[in-house]
Q: 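Sharing a structure, written as structure tokens. Questions coming.
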There are 2 protein chains.
Amino acid sequence: MNATVPFHDLAASVAPASGPFAGLGAGATRDDTRYRLVRAAIGVFAKQGYHGASTREICERAGANSAAIHYHFGDKAALYQALFQLPMQQILEVSRWMDDAALPRTDRLRHFYRGMLSVLGCDEVSRQLMLLHAREQVEPSGVLGSTQTQAIRPYHDRLTLLLCREFKLTAPDEALHALAFAMVGLGTIYFLVRPEVEAFAPGLLATPEAREVLVERSALFGAALIEAEQRRRGAL
Amino acid sequence: MNATVPFHDLAASVAPASGPFAGLGAGATRDDTRYRLVRAAIGVFAKQGYHGASTREICERAGANSAAIHYHFGDKAALYQALFQLPMQQILEVSRWMDDAALPRTDRLRHFYRGMLSVLGCDEVSRQLMLLHAREQVEPSGVLGSTQTQAIRPYHDRLTLLLCREFKLTAPDEALHALAFAMVGLGTIYFLVRPEVEAFAPGLLATPEAREVLVERSALFGAALIEAEQRRRGAL
DNA sequence: GCACATTTCAAGCGCTTGTTTGAATTGTCG
DNA sequence: CGACAATTCAAACAAGCGCTTGAAATGTGC
């Protein structure tokens with residue numbers, strides 16, 4: 001219809017570079033309006049939630065016109081979805097830990113929980129991005145499909161696979177799934193109720209050293225869970 | 001100004017009866033518009049979130065006029081706040097478990113996790129109500145005061161108190177707080193990522209019997225954490 | 001039946017929302 | 001420069017929002 005065809009529906013598939021903001025679209029550089037919109041959107045969505053956030057505020061923060069979202073992404077929902085395309089370094093980190101079967105179990109657990117808790121120490125934008133993912137669990141905005149469940153699946157699968165090796169099982173049974181969820185819960189809780197953690201036990205997450213201590217403890221706890229499950233299976 | 005003074009600002013303090021819907025206001029019966037509004041509001045807020053929910057939809061679901069909220073509660077925020085006045089049976093249940101110091105530790109842990117996981121098995125309205133509380137943790141709507149959002153505090157305090165007794169400490173240190181959060185995380189995860197739990201391991205939460213098995217397992221895991229921490233302290 | 005308080009109602013208020021439009025601006029290549 | 005595409009802009013759109021209004025309906029005590 002119009003002569004000016006919006007850029008976004010042509011180039012959405014191209015992933016130009018690496019880094020936390022790769023996959024923004026085609027050749028997005030750090031001063032792009034598109035980049036600034038994403039940046040601002042993360043902050044506003046993290047603060048207000050999907051419904052509570054207004055496109056005007058996002059554009060204002062990005063120093064762009066209120067029509068910018070429509071031009072670059074199509075609409076509010078598409079912008080929100082674009083945020084969930086951004087790769088999350090921390091999660092990628094998690095995927096590395098268990099591939100090294102040579103490492104002793106304690107070390108692998110350490111890597112596992114370090115990958116998990118590293119979120120707590122990284123820059124605010126990444127934390128906000130993580131928060132958006134967590135929030136979609138509790139309050140699906142409705143604009144994301146079942147992508148969320150699918151996003152977690154590979155990580156859960158990898159964890160259960162490793163546990164299968166540990167328990168010499170060919171396929172995970174329900175008890176193993178329960179164990180896997182418990183192990184994830186150990187680390188997730190610090191992220192989920194972070195304000196409370198900081199209120200009740202300040203200093204637990206304050207410094208990188210403190211977080212490393214927490215990694216150590218979580219690894220210990222994780223090992224205790226595995227051993228408890230091993231004892232339970234042996235006692236049957 | 002007007003001759004018709006809304007009822008809600010007179011009688012908001014009266015708590016007429018017991019049960020899950022006590023404290024609705026003055027003498028709310030099950031066919032009251034007020035009752036139906038609360039009922040509908042729980043569903044809509046749970047589905048859409050505070051910002052996403054519309055007062056019109058709530059009223060429509062309640063079979064009431066769009067002005068009903070204003071008349072009975074004042075405004076949308078007050079209605080939302082009223083939901084958080086509703087007592088939640090499950091949480092009350094949790095508070096019972098540790099008062100009985102005579103019970104062996106395993107039993108107390110069982111009660112602890114049963115209280116936690118019982119939410120998963122109760123009626124949908126209670127679950128939705130629980131969801132609203134959980135959501136306020138991750139995404140504060142902004143209309144609740146800080147007293148209502150810090151609902152976790154007493155339970156965390158009680159748990160640490162019990163752990164103090166277990167470890168013969170006069171006051172919790174950071175390691176004990178970490179242990180307490182880990183123990184809570186064990187049970188919270190099933191609630192937090194429930195869709196994933198049901199997708200990856202269907203049947204884990206399906207029946208009351210399955211949930212009781214999960215309670216047993218969680219108690220086992222909780223005990224394992226405590227013992228691991230005891231070993232750690234002994235090894236220092 | 002009457003007077004009165006309580007509750008419900010249809011209608012619409014002002015406002016913000018997400019989105020659209022067409023023109024103005026900027027960048028780019030010949 | 002001049003032609004053309006890519007981008008930005010101010011302005012306004014329709015729709016939905018929370019909330020208000022004044023009257024109609026309903027219940028209540030005499």
Side-chain angles (χ1 to χ4, degrees), chain A residues 1-12 14 24-29 31-38 40-41 44-45 47-82 141-143, chain B residues 1-12 14 24-29 31-38 40-41 44-45 47-82 141-143:
Chain A
M1 239 176 243
N2 203 346
T4 49
V5 178
F7 190 59
H8 67 270
D9 49 61
L10 301 173
V14 191
L24 271 179
T29 63
D31 280 337
D32 257 343
T33 301
R34 193 185 173 89
Y35 170 83
R36 293 201 319 272
L37 278 175
V38 167
V44 177
F45 280 131
K47 197 184 66 179
Q48 318 257 51
Y50 177 75
H51 291 290
S54 91
T55 56
R56 276 183 172 80
E57 182 179 352
I58 293 173
C59 291
E60 196 173 335
R61 255 206 220 187
N65 190 267
S66 7
I69 288 181
H70 166 253
Y71 179 75
H72 285 281
F73 296 92
D75 58 3
K76 181 186 182 181
L79 168 60
Y80 188 70
Q81 285 163 350
S141 59
V143 305
Chain B
M1 236 176 241
N2 203 344
T4 48
V5 179
F7 190 59
H8 68 270
D9 49 63
L10 301 173
V14 191
L24 272 180
T29 63
D31 282 337
D32 259 0
T33 301
R34 193 185 174 90
Y35 171 83
R36 293 200 319 275
L37 278 175
V38 167
V44 177
F45 280 132
K47 196 184 66 179
Q48 318 256 46
Y50 176 76
H51 291 290
S54 90
T55 56
R56 276 182 172 81
E57 183 179 351
I58 293 173
C59 291
E60 197 173 334
R61 255 208 221 187
N65 189 267
S66 10
I69 287 181
H70 166 253
Y71 179 74
H72 285 282
F73 296 92
D75 59 2
K76 181 185 182 182
L79 168 59
Y80 188 69
Q81 285 163 350
S141 60
V143 305

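The sequence lines fix the lettering, A, B, ..., with proteins before strands; numbering per chain opens at 1.
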Q: Rounded to whole angstrom units, what separation is found between the CD1 atom of B/Ile69 and the C1' atom of C/dC9?
A: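 After rounding, the reported distance stands at 15 Å.
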Q: Check B/Leu79 against B/Ala41 and note the closest heavy-atom contact, atom names and distance.
A: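 For B/Leu79 and B/Ala41, the tightest heavy-atom pair comes out as CD2-CB, 3.8 Å.
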Q: Residues from residues 54-63 of chain A sitting under 4.0 Å of DNA chain C, heavy atoms only?
A: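 Going residue by residue through residues 54-63 of chain A, the ones with a heavy atom under 4.0 Å of DNA chain C turn out to be A/Ser54, A/Thr55, A/Arg56.
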Q: Starting at CD of A/Gln48 and ending at C1' of C/dG18, how long is that distance when rounded to a whole Å?
A: 15 Å
Q: Taking the cut-offs as 6.0 angstrom to the six-membered ring centre and 45 degrees off its axis, would you call B/Arg34 and B/Tyr71 a cation-pi pair?
A: no
Q: How close do A/Phe73 and A/Ala82 get, heavy atom to heavy atom, and via which atoms?
A: CE2-CB, 3.9 Å
Q: Give a yes/no answer on whether the side chain of A/His72 brings an N or O atom under 4.0 Å of OP1 or OP2 in D/dT8.
A: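 Indeed, a polar side-chain atom of A/His72 lies that close.
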Q: Between C/dT8 and B/Thr33, is there an OP1 or OP2 to side-chain N/O distance shorter than 4.0 Å?
A: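 Checking C/dT8 against B/Thr33, a side-chain N or O does come within under 4.0 Å of OP1 or OP2.
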Q: What is the distance, to the nearest angstrom, from the NZ atom on B/Lys76 to the P atom on D/dG16?
A: 15 Å
Q: May I ask you to evaluate whether A/His70 reaches the phosphate of C/dT20, defined as a side-chain N or O under 4.0 Å from OP1 or OP2?
A: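 Indeed, a polar side-chain atom of A/His70 lies that close.
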Q: Which of these nucleotides, C/dT20, C/dC9, D/dA6, is closest to any side-chain atom of A/Tyr71?
A: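 For the A/Tyr71 side chain, the nearest candidate turns out to be D/dA6.
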Q: Decide whether a cation-pi geometry holds between B/Lys76 and B/Phe45; the criteria are a distance under 6.0 Å from NZ or CZ to the six-membered ring centre and an angle within 45° of the ring axis.
A: no
Q: May I have the distance from A/Asn65 (atom CG) to D/dA11 (atom P), rounded to whole angstrom?
A: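 Distance check: A/Asn65 CG to D/dA11 P gives 11 Å.
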Q: Let me know the distance between CG of B/Leu37 and P of C/dC9, rounded to the nearest Å.
A: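 Whole-Å distance recorded here is 11 Å.
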Q: Over all strands shown, is B/Ala53 touching base, sugar-phosphate only, or nothing at heavy-atom distances under 4.0 angstrom?
A: sugar-phosphate
Q: side-chain contact (heavy atoms from CB on, under 4.5 Å), that's the test. Do A/Cys59 and A/Leu37 meet it? Break it down for me.
A: CA-CA 7 Å; A/Cys59 291; A/Leu37 278 175; 4.2 Å; yes
Q: Considering residues at least two apart in sequence or located in another chain, which fulfil the side chain to side chain donor-acceptor pair (under 3.5 Å) criterion with A/Glu57?
A: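 If we apply the side chain to side chain donor-acceptor pair (under 3.5 Å) test to A/Glu57, skipping adjacent residues, the hits are A/Lys47, A/Gln48.
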Q: Nearest-Å distance, CG (B/Asp75) to C1' (D/dT21)?
A: 17 Å
Q: If every non-hydrogen atom of A/Gly63 is compared with every non-hydrogen atom of A/Arg36, which pair is closest and at what distance?
A: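 Looks like O-NH2, 3.6 Å.
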